[in-house]
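Heads up: the structure comes next, in structure tokens.
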Amino acid sequence: MCGIAVIISGIRIDASSLLLDSLPPASASKAEQLLFSIDDLKAALQRRGPDSLGSKKVFLCSKTSCSATERQIISFVEEEEAKERGELYLQHLENKNVCLFDSNGQAHELENCFSMRKFVAELHFIGATLQLRGVNPIVQPLMDTSRNILVYNGEIFGGIYVSGDSNDTEILMQALGKCCCCKRTCSCDEKGLNSVPDLLSTIKGPWSVIYWQENSKTLWFGRDAFGRRSLLVHWPTLEDNRFLLSSVSPVSSTEQSSGFEAENGINKLNFWEELPCGVYSISFDAPKLDGFLVGEVRKHEWRDAMLKELLDWERTSVEPKPGDLYFPLCKTTREQHDVHSAGSDILLPKSGPIQVSISGPAQTVLVALRESVMRRTSQHRIFQAVTCDIRQGELAPVAVLFSGGLDSMILAALLDQCLDPCYEIDLLNVSFDGQSAPDRISAKAGVKELRRIAPLRRWKLVETDADLSKLDFETKRVMSLINPADTYMDLNIGIALWLAASGSGWVYEGNNNNNDEDLERIKYKSKARIVLVGSGADEQCAGYGRHRTKYRQESWLGLHEEMKLDMLRIWKRNLGRDDRCIADNGKEARFPFLDEDVIRTLLNIPLWEVANLDQPSGTGDKKILREVAQLLGLYEAAVLPKRAIQNLVFCVLPMGMPCEYPLVKSSRSLRS
């Protein structure tokens with residue numbers, strides 16, 4: 001996982017082909033200018049990628065002459081580690097009659113340009129790396145022998161082969177270097193070559209990417225089809241005509257705001273926006289009109305047929321026939337648990353799942369989820385680097401954001417099946433009301449159930465206790481992280497995610513694996529660099545209250561359309577924000593429920609098998625996942641009702657005092 005960015009100055013960006021509503025008008029006001037330094041940006045990126053930080057600059061020049069009929073764009077790469085070489089080059093350009101651009105794109109002619117004129121623009125690439133794969137350390141940006149440059153934030157779980165001891169960023173760089181370099185019309189298919197969109201469309205896993213293709217003088221960028229990795233964009237305005245891409249918004253040290261806005265790192269108008277999912281390119285040219293460099297932005301179609309099917313999000317069967325909902329059901333989880341608790345002759349085993357009669361679709365989903373968790377928790381050689389100061393048995397390389405609810409319980413149980421038994425598992429839980437908070441109570445109950453089905457695993461519940469009245473600094477940072485989101489609900493969710501993902505809290509230390517209350521409570525900091533998150537479960541399995549409302553209003557077709565809408569907008573409403581808040585702690589969020597194969601598996605199951613909202617809460621919502629929980633032996637978790645994460649947090653008012661009631665349903669803007 002990484003923090004990546006590029007800053008482009010001295011180039012006129014033409015994004016008219018995108019037809020984006022968010023493109024700023026020509027009369028954009030000065031209020032939209034957000035001032036921050038390169039150091040501010042690097043600091044924000046390095047919190048995501050603490051292992052290494054690097055940057056490279058590409059200078060572009062248009063070379064023309066009086067007799068020439070074609071214009072040629074030439075480039076030079078300056079690494080910050082070789083400033084002296086770059087300065088010598090710039091001096092060389094000055095001696096050759098060069099026109100330089102300043103940061104606002106204004107040309108300053110140094111001398112008479114006679115028959116030869118050159119214009120200089122700059123692309124500044126920045127990469128900060130949290131390295132989780134590969135034997136040898138890497139520093140981004142990567143540059144190959146052809147002077148292609150890559151900054152990559154993602155994981156390759158399929159589509160491109162990556163061996164167990166290889167780094168997927170290096171493998172992707174090699175694959176991109178073999179792609180065709182055509183700008184417009186392309187005959188690469190006939191030559192057996194992939195285009196960049198072809199290659200990126202095949203990747204299974206979360207990613208955002210910025211790639212400079214030297215031969216075609218084209219910048220490629222984008223994020224995966226579901227938006228599982230953050231990438232923000234700033235489109236040029238009159239006041240700030242730079243084009244910027246970044247994983248995160250830096251906390252500005254110089255912005256011109258006041259009051260609550262200044263305290264929380266926001267501006268009245270958005271400087272950033274979430275880049276919509278997709279693959280984009282900027283092709284650079286020097287039109288004959290004035291010789292200035294122009295970059296034309298284009299968005300490219302996804303090329304992989306299976307990916308297109310997922311994005312269409314069409315389910316095999318939506319409306320049941322009269323007989324589909326009336327078939328003999330096995331006893332519910334609650335009924336089974338009541339029988340065992342009442343002293344049935346059938347005793348509840350101390351460990352392992354109980355064999356119950358569960359539908360075939362639940363078995364299929366369980367297999368897909370287990371494979372998804374396995375892909376996201378494979379032990380790579382990089383983990384050996386953090387064991388030098390810790391005994392291996394005390395190392396927890398993977399953690400779970402843990403509320404004790406259905407989704408996090410399933411992930412924890414599957415992680416136990418996929419992770420080497422010698423490792424501990426950290427369960428990260430946050431509370432704003434001490435031991436009496438509902439999520440703390442359910443988390444403690446969840447740990448007991450996990451210990452029942454997996455008694456040999458060392459489960460460590462990491463309890464983070466927070467006091468909102470003392471979170472002024474943290475609130476300011478989270479406000480920057482959720483940007484461009486700006487509602488109280490986003491802030492509530494962001495604070496909960498950021499605090500939990502920090503892994504700083506309390507654990508009960510000792511040998512008693514059953515009753516923590518008898519043990520000593522000590523300070524603890526989780527060293528896990530991978531965090532499993534349950535995002536995507538509610539959207540795909542009808543876990544939200546609005547799904548039940550839509551079902552009552554418009555039956556099965558209405559429910560299907562509402563779930564489809566949730567999946568199509570999850571990149572904007574959830575995943576970018578969640579990725580930024582978790583990654584700010586130097587940890588990588590991974591979303592097993594949003595694995596491509598899991599999504600496909602759920603779409604191949606009839607909707608009434610996924611959810612049956614005629615049944616009460618805790619039974620019919622996320623029906624398929626409740627059956628998966630039964631298969632794993634998680635009988636208590638299988639009947640837990642949905643509780644939204646934003647219920648954990650009281651809203652924070654300008655004076656730093658929590659309001660009496662949480663604004664859990666408020667979409668009111670923090671700027672209003």
Side-chain angles (χ1 to χ4, degrees), residues 4 6 8 13-20 123 125 141-142 144 146 148-162 168-233 235 243 245 247 274-285 295-313 568 571 575 594 596 599-600:
I4 63 175
V6 67
I8 301 179
I13 300 295
D14 176 10
S16 58
S17 65
L18 299 184
L19 300 176
L20 295 176
L123 290 74
F125 298 86
L142 299 185
D144 62 18
S146 300
N148 301 311
I149 295 175
L150 172 67
V151 282
Y152 179 68
N153 174 29
E155 299 290 339
I156 298 177
F157 297 130
I160 300 174
Y161 175 72
V162 182
D168 50 357
T169 303
E170 292 180 319
I171 297 299
L172 179 60
M173 182 64 160
Q174 296 170 15
L176 286 168
K178 299 175 183 176
C179 289
C180 71
C181 301
C182 305
K183 280 194 172 185
R184 297 295 181 186
T185 58
C186 182
S187 59
C188 295
D189 290 341
E190 301 173 4
K191 302 176 183 177
L193 297 176
N194 280 330
S195 66
V196 172
D198 287 332
L199 181 67
L200 295 178
S201 295
T202 64
I203 296 176
K204 290 185 177 181
W207 56 266
S208 61
V209 65
I210 304 170
Y211 176 65
W212 170 250
Q213 193 175 45
E214 167 67 20
N215 199 25
S216 65
K217 299 297 186 291
T218 300
L219 183 77
W220 296 91
F221 59 97
R223 59 197 294 208
D224 72 78
F226 302 101
R228 292 163 291 186
R229 287 291 173 264
S230 168
L231 193 59
L232 304 179
V233 60
W235 301 104
F243 172 84
L245 295 166
S247 299
E274 297 271 3
L275 181 73
C277 302
V279 179
Y280 301 78
S281 67
I282 302 180
S283 298
F284 297 101
D285 201 355
E296 180 185 0
V297 184
R298 296 177 58 206
K299 186 175 183 180
H300 302 264
E301 296 292 329
W302 295 110
R303 305 296 178 85
D304 184 78
M306 297 182 69
L307 180 59
K308 288 181 179 180
E309 289 182 9
L310 292 186
L311 294 177
D312 289 339
W313 220 79
L568 292 178
W571 63 272
L575 295 181
L594 291 172
E596 288 83 354
I599 296 172
R600 183 177 296 106

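Just so it is clear, the model here is predicted, and its values are computed rather than measured.
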Within the side chain of [X], is there an N or O that forms a donor-acceptor pair under 3.5 Å with the backbone of [Y]?
X	Y	answer
R600	L310	no
E274	S230	no
E214	I149	no
K308	W302	yes
R223	R229	yes
S208	G154	no

Quiz item: Does the side chain to side chain contact (heavy atoms under 4.5 Å, CB included) test come out yes or no for L150 and T169, once each step is laid out?
Solution: CA-CA 8 Å; L150 172 67; T169 303; 4.0 Å; yes
Heavy atoms only: give me the nearest [X]-[Y] pair and the separation to one decimal.
X	Y	value
S201	D304	O-CB, 3.5 Å
R303	S195	NH1-OG, 3.4 Å
C277	G227	SG-N, 3.4 Å
L232	S247	CG-O, 4.4 Å
G222	L275	CA-CD2, 4.1 Å
K299	P276	NZ-CB, 4.4 Å

Exercise. Step by step, work out the side chain to side chain contact (heavy atoms under 4.5 Å, CB included) result for E596 and M306.
Key: CA-CA 9 Å; E596 288 83 354; M306 297 182 69; over 6 Å; no
Are the side chains of [Y] and [X] in contact, using a 4.5 Å heavy-atom criterion?
X	Y	value
L575	L594	yes
Y280	L219	no
L199	I160	yes

Quiz prompt | N215, CG: over 12 other non-hydrogen atoms inside 6.0 angstrom | solution = no
Exercise. Output, in order, the C-alpha distance, side-chain angles, deciding distance and verdict of side chain to side chain contact (heavy atoms under 4.5 Å, CB included) for W313 and I599.
Key: CA-CA 9 Å; W313 220 79; I599 296 172; 4.1 Å; yes
Between atom [atom1] of [X] and atom [atom2] of [Y], what is the distance when rounded to the nearest 0.5 Å?
X	Y	atom1	atom2	answer
D168	Y161	CG	OH	13.0 Å
K204	L307	NZ	CG	10.0 Å
E296	T218	CD	OG1	10.5 Å

Practice problem: Among residues two or more places apart or on two chains, list those pairs meeting ring-ring contact (aromatic ring centres under 6.0 Å, His included) that have a residue in residues 199-220. | Solution: W212-F284, W220-H300
Practice problem: Would you sort out whether I282 and F221 count as a side chain to side chain contact (heavy atoms under 4.5 Å, CB included), showing the intermediate values? | Solution: CA-CA 9 Å; I282 302 180; F221 59 97; 3.6 Å; yes
Exercise. Identify, with sequence neighbours excluded, every residue that meets ring-ring contact (aromatic ring centres under 6.0 Å, His included) alongside W571.
Key: none
Quiz item: Between I4, L200, D224, which is the residue that forms a side-chain contact (heavy atoms from CB on, under 4.5 Å) with V209?
Solution: L200
Can I get a per-line list of side-chain donor-acceptor pairs under 3.5 Å for residues 170-178, giving both atom names and the distance, sequence neighbours left out?
none

